[in-house]
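One structure is given here, and the rest of the page talks about it.
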Protein chains: 2
Amino acid sequence: MLTDEYRYKILKLVQEKPEISQRELAKALGISLGKTNFCLKGLVDVGLLKVSNFRNSQNKLAYMYLLTPKGIEEKTGITMRFLKYKMQEYENLQAEIEELRRAAEESVEKEVE
Amino acid sequence: MLTDEYRYKILKLVQEKPEISQRELAKALGISLGKTNFCLKGLVDVGLLKVSNFRNSQNKLAYMYLLTPKGIEEKTGITMRFLKYKMQEYENLQAEIEELRRAAEESVEKEVE
DNA sequence: AAACTGCGTTCACTATTTGAACGCATGATG
DNA sequence: CATCATGCGTTCAAATAGTGAACGCAGTTT
């Protein structure tokens with residue numbers, strides 16, 4: 001599944017290092033090579049990334065992923081959306097931790113009895 | 001998969017309402033009936049819950065899930081473990097949001113150019 | 001020329017989750 | 001009494017998601 005999380009992270013990593021390999025990307029993302037390939041392809045399909053070739057330091061032909069103009073433009077929106085999502089998650093977590101704290105205290109109190 | 005998250009949540013919900021049905025539980029947990037059944041069975045298997053019968057208001061035979069002494073005892077530990085996990089998650093999220101904020105600002109700045 | 005390296009790609013396999021369908025027990029209805 | 005309706009736990013085929021070994025290719029090294 002290609003979620004905003006991976007859209008954001010891949011665009012970010014690719015922007016920082018266009019000559020990154022799928023294996024490096026997979027490691028950085030903490031997901032498998034197969035899923036990385038799938039997500040990357042998804043971003044190319046919707047026109048946010050394009051694949052290009054270049055010669056690396058050893059004059060070896062290699063791939064390079066580049067953000068398209070659309071990719072550059074939409075990255076902000078994706079980032080904002082992901083940020084919003086994360087902040088909501090954060091808020092929920094805060095409430096949950098508060099509740100867990102109460103639950104934990106209660107349990108300990110009962111043990112003392 | 002039976003994680004601390006569901007161990008904690010199920011023990012909590014069952015303690016609050018032992019006569020809860022698996023369908024109610026599933027809805028409260030936000031997961032499917034099948035998974036709920038699987039998790040519940042897991043808790044019974046390891047001896048944290050036991051199944052009992054009772055007569056409900058319409059004198060209808062129904063199930064009731066009860067925490068065993070072991071369940072009561074271990075619930076605190078599970079809660080603590082889950083709390084610790086959640087707090088770590090919270091911290092990570094905080095860092096991630098901070099980074100997203102920087103990334104978002106940067107994007108917006110570039111748009112202004 | 002043969003072996004080696006590192007790349008993207010593929011896909012059979014495993015893991016996880018879902019929810020429709022079933023059998024059973026009870027209450028309600030004719 | 002017989003039938004239907006309701007609600008329960010249980011099951012499991014199907015859907016969905018994710019993995020990583022294996023492959024073909026291209027360039028480099030021996």
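Note that the structure is a prediction, hence the values are computed from the model and not measured. Just so we're on the same page: letters track the sequence lines, and every chain starts at 1.
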Would you mind reading off the distance between Y63(A) atom OH and dG24(D) atom C1', rounded to a whole angstrom? 12 Å

Would you mind checking if R102(B) and E106(B) are paired as a salt bridge, meaning a charged N to carboxylate O distance below 4.0 Å? no

Using a strict 4.0 Å threshold on nitrogen-to-oxygen distance, state whether K27(B) and E24(B) make a salt bridge. no

Parallel, tilted or perpendicular for F82(A) and Y8(A), by the 30°/60° rule? tilted

Write down the distance between CG (L29(A)) and P (dG18(D)), rounded to a whole number of angstrom. 13 Å

Measure from CD on Q22(A) to P on dG20(D) and round the result to the nearest Å. 15 Å

To the nearest Å, how far apart are K50(A) NZ and dG8(C) P? 18 Å

Starting at CZ of F38(A) and ending at C1' of dG20(D), how long is that distance when rounded to a whole Å? 17 Å

Let me know the distance between CG of N53(A) and C1' of dC25(D), rounded to the nearest Å. 13 Å

With sugar-phosphate taken as primed atoms, P, OP1 and OP2 and all else as base, the protein-contact string of nucleotides 12-24 of chain C at under 4.0 Å (heavy atoms; B, S, -) is ----SSBB-----

In whole angstrom, what separates I20(B)'s CD1 from dG9(D)'s P? 10 Å

Check whether any side-chain N or O of R23(B) sits under 3.5 Å from a backbone N or O of L33(B) as a donor-acceptor pair, and report yes or no. no

Flag the pair L29(B) / L13(B) as yes when at least one side-chain heavy-atom distance between them is below 4.5 Å, and no otherwise. yes

Rounded to whole Å, please give me the gap between CG in L40(A) and C1' in dT10(C). 15 Å

Under 4.0 Å from OP1 or OP2 of dG8(C): is there any side-chain N or O of N37(A) that close? no

Do the side chain of K9(A) and the main chain of A28(A) share a donor and acceptor less than 3.5 angstrom apart? no

